[in-house]
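Okay, structure first, notes after.
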Amino acid sequence: MADIRLTVDGSPHVVASATTVGAVLHGLGVEAVVARVNGEALRDLAWVPGDGDVIESVPIDTDEGRAVLRHSTAHVLAQAVQQLYPDAKLGIGPPITNGFYYDFDVERPFTPEDLEQIEGRMRKIVKERQRFSRRVVTDEDARKELAEEPYKLELIGLKGGAADTEGAEVEVGGNELTIYDNLRRGAASEWELVWKDLCRGPHLPTTGKIPAFKLMRSAAAYWRGSEKNQQLQRIYGTAWESEEALQAHLDLLEEAERRDHRRIGADLDLFSFPDEIGSGLVVFHPKGGVIKRVMEDYVRQRHIEEGFDYVGTPHISKQGLFETSGHLPYYADTMFPPMEMEGSNYYLKAMNCPMHNLIFRSRGRSYRELPLRLFEFGSVYRFEKSGVVHGLTRVRGLTMDDSHSYCTAEQAPAEIQHLLSFILSLLKDFGLDDFYLELSTRDDSSDKFIGSDEDWETATRVLEKAATDTGLQLVPDPGGAAYYGPKISVQAHDAIGRTWQMSTIQYDFNQPAGFGLEYQASDGSRQQPVMIHSAKFGSIERFFGVLTEHYAGAFPPWLAPVQVTCIPIRSENVEYLDKLAERLRGEGIRVEVDDSDDRMQKKILRAQQQKVPFMFVAGPRDVEAGAVSVRYRNGVERRGVPVDDAILEVSRNIAARLVEPDALNPDALVPPESATS
RNA sequence: GCCCCGUUAGCUCAGUGGUAGAGCACUCGCCUUGUAAGCGAGCGGUCGUCCGUUCAAUCCGGACACGGGGCUCCA
């Protein structure tokens, strides 16, 4: 048998022809689940390379390796479901971030008990070490073999044109149609066919190569992602390269749950959603109110420093305004229905820009005023569908830190750069420093977008350039633009790696035209400005929720509702702490004295649970010495700290906007102006 | 909007076709405490709302409200 030459992970090798890539890698002691061939498609290990092929091993603990593992596990899931529910029809079963799913058309939804049973059956299939065996079929044969699978038949018809269906490419995405057979070693040691699925592959060599998996939940999902289609029952699962990796993932989910802003909001008495008010409508309690006010005060201050004028507008408006702005035809469905009053229809506003446009238009404008920057906390109301409302991150009443910059087209690039760097510095001040940008553009095939191609092109280029200049990662988001123009959004990673859309910058040439906005140029002519929408937090509510989860409720001292809790050891020490608290208040520090009858240990517990950054504990010895014992919420404590030093330390922490109270290096802190004496 | 699940004291949750319980919180009393829960007593619920079935409904059925997990959507 002739030999062939291969390049394996960068090194040349000679092997016998007809050797599988799995055998080649095994011979070299390389662990892999699939192989990339000639820099292109991933292949099963059973694939046989030809002379001159370049092979890269794909280990299981890589993104691609896990995707193969998860897709293979999805097949095991589907086989288990069809064994237990022979009438179940198959939808699709792709890998997703951190896991996989498979959709089924079944008589009744799966219960948690069903999932346990299915998972048990899956473990049996894994134990059987079934082979995944690839087989190329013609369309005609595939139709014959899958005659009982209506959804698969539909996919065969879509082959090549299924790109619009997320997940479907793993079934029929290749150039040729393939079926993967699951083969089990029978009693007489021969391989017998136990299950098969239309699939592009690749797969693990056998089900026995699945190290760790777990079914997570079931839910309904529309076939091919359209709410016009039938709903299928989807089972979500996750699979990992080891039990340890699976456990780490489950731990992360538990941590996310522990950080859930809805739970923390209740535990720390920050906000609630009273049924009596309605779904998606938040009330902030006093402690949440402190955080919200500090956030707003800071952002307002920064806007003023950056040249914005603070304005105010009402919550409702006559219908005509939203016709002029162009919003109504597109977004009537997501606005609260109109109120009829004295012959006019009034709408709760769902956006602030039309009102700012009226401020711009309220008198003649000169080019000398541009860029004219208007800013406010504008409360808007959006009738989000009942199923999408979620805590603070998706609400029906929200307040945007909304700004609009009116400028000449020539000024726009500089203005956008200015806004972008402003946004990034602001986010960093709030402790978010891990983000990337997204550029949302128009979808040419949709009629949702208005304006000329040239204007869109210009606007998109300007945004793209500003985004690229930051050096941050830029991810395209085709079709995600607003109807009036493209946008950049800032996606921030929180403390456990989830991403959230926060700030946005949108370039708008349509509304200035709709409102007939104009300014007088230096040559005396009337010109139309462009407007740039931007929101730094996005919405105060969502930003509040994200911050809460980012810090798991342990807000930095400058944001913490209570910055210092004073804890007396004996009741006669209360007076001493009351006086100390007065001094702290005089320094603008938010302080409470816990004068309840509880033991001091219990008071410490309570302050810890409330994530208060500083505790000042004082007993007879401290009173004697004019000192306190300073305890930080990380458990570190220093005893016998002179009162003046303790106060100074707290005010320095606040002024420096430190994330965690820094006990040990107070000298390293930037002293605030008030503390220089 | 669609599918599934849930709703019992302020919170977390038991429980039953014959109108209910625990822990924490809260109130009061005792204790005077040195770095993550001292002891005791008490208060507190038309069992989400409405309509049905039943001699009798917190429990069974339906509708609605609110919440949760997804889908779809997100100016």
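Each chain gets a letter, A, B and so on, in the order the sequences are listed, and its residues count up from 1.
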Describe the nucleic acid contact of A:Ala618 in one word from base, sugar-phosphate, nothing, applying a heavy-atom distance below 4.0 Å.
-> nothing

Just call it for A:Tyr236: base, sugar-phosphate, or nothing, with non-hydrogen atoms closer than 4.0 Å on any strand.
-> sugar-phosphate

When we call it a touch if two heavy atoms are under 4.0 Å apart, what does A:Arg262 touch: a base, just sugar-phosphate, or nothing?
-> sugar-phosphate

Could you grab the distance from atom CZ of A:Phe555 to atom CG of A:Leu268, nearest 0.5 Å is fine?
-> 7.0 Å

Out of A:Arg234, A:Arg224, A:Lys89, which one pairs with A:Asp103 under the side-chain hydrogen bond (donor to acceptor under 3.5 Å, both in side chains) rule?
-> A:Arg234

How far does CG of A:Leu419 sit from CD1 of A:Ile488, to the nearest 0.5 angstrom?
-> 9.5 Å

When all nucleic acid strands are considered with a 4.0 Å heavy-atom cut-off, which category describes A:Thr334: base, sugar-phosphate, or nothing?
-> base

Carefully, step by step, assess A:Tyr483 and A:Tyr330 under the rule ring pair (Phe, Tyr, Trp, His ring centres under 6.0 Å).
-> CA-CA 8 Å; A:Tyr483 74 92; A:Tyr330 292 90; 4.6 Å; yes

Select base, sugar-phosphate, or nothing to describe what A:Pro620 touches, counting heavy atoms under 4.0 Å on all strands.
-> base

Closest to side chain of A:Val388, choosing from B:C71, B:G34, B:G70 = B:C71

At under 4.0 Å between heavy atoms, what does A:Gln233 touch on the DNA or RNA strands: base, sugar-phosphate, or nothing?
-> sugar-phosphate

Which residue lies toward the 5' end of RNA chain B, A:Met351 or A:Ala221, if each is placed at its nearest nucleotide?
-> A:Ala221

Which part of the nucleic acid, if any, lies within reach of A:Tyr484 when heavy atoms closer than 4.0 Å are counted: base, sugar-phosphate only, or nothing?
-> sugar-phosphate

Indicate, with a heavy-atom threshold strictly under 4.0 Å, whether A:His390 touches base, sugar-phosphate, or nothing.
-> sugar-phosphate

Write down the distance between CD (A:Gln601) and C1' (B:A37), rounded to a whole number of angstrom.
-> 9 Å

Nucleotide forming a Watson-Crick or wobble pair with B:G17, both distances under 3.5 Å | none

Within the structure shown, what part of the strands sits under 4.0 Å from A:Asp622 by heavy-atom distance: base, sugar-phosphate, or nothing?
-> base

At under 4.0 Å between heavy atoms, what does A:Arg606 touch on the DNA or RNA strands: base, sugar-phosphate, or nothing?
-> nothing

Give none if B:U35 has no partner; otherwise give the nucleotide forming a Watson-Crick or G-U wobble pair with it, both distances under 3.5 Å.
-> none

Return yes if the base of B:C31 and the side-chain atoms of A:Arg599 contain a donor-acceptor N/O pair under 3.5 Å, otherwise no.
-> yes

For A:Tyr381 and for A:Ala219, find the nucleotide of RNA chain B with the closest heavy atom, then tell me which residue's nucleotide is more 5'.
-> A:Ala219

No-H, no-angle donor-acceptor pair, A:Arg631 side chain to B:A36 base, under 3.5 Å = yes

Under 4.0 angstrom, heavy atoms only, what part of the nucleic acid is A:Lys602 near: base, sugar-phosphate, or nothing?
-> sugar-phosphate

Between B:C3 atom P and A:Asp114 atom CG, what is the distance in whole Å?
-> 19 Å

Taking atom types as they are modelled, is there a donor-acceptor pair under 3.5 Å from the base of B:C5 to the side chain of A:Arg217?
-> no

Donor/acceptor link under 3.5 angstrom from A:Arg570 side chain onto base of B:U32 | no

Looking across every strand, which nucleic acid part, if any, lies under 4.0 Å from A:Ser279 by heavy atom: base, sugar-phosphate, or nothing?
-> sugar-phosphate

Can you find a donor-acceptor pair, distance only, under 3.5 Å between A:Tyr222 side chain and B:G70 base?
-> no

For B:G40, the nucleotide meeting Watson-Crick or G-U wobble distances (both under 3.5 Å) is B:C28

With a 4.0 Å cut-off on heavy atoms, is A:Gln506 in touch with a base, just the backbone sugar-phosphate, or nothing at all?
-> sugar-phosphate

Does B:G23 pair with anything, Watson-Crick or G-U wobble, both distances under 3.5 Å, and if so, with which nucleotide?
-> B:C11

Do A:Gln231 side-chain and B:C2 base share a donor-acceptor contact under 3.5 Å?
-> yes

Using a heavy-atom cut-off of under 4.0 Å over every strand shown, decide if A:Gly640 touches base, sugar-phosphate, or nothing.
-> nothing

Using purine N1 to pyrimidine N3 plus N6-O4 or O6-N4 for Watson-Crick, or N1-O2 and O6-N3 for G-U wobble, each under 3.5 Å, what pairs with B:C74?
-> none

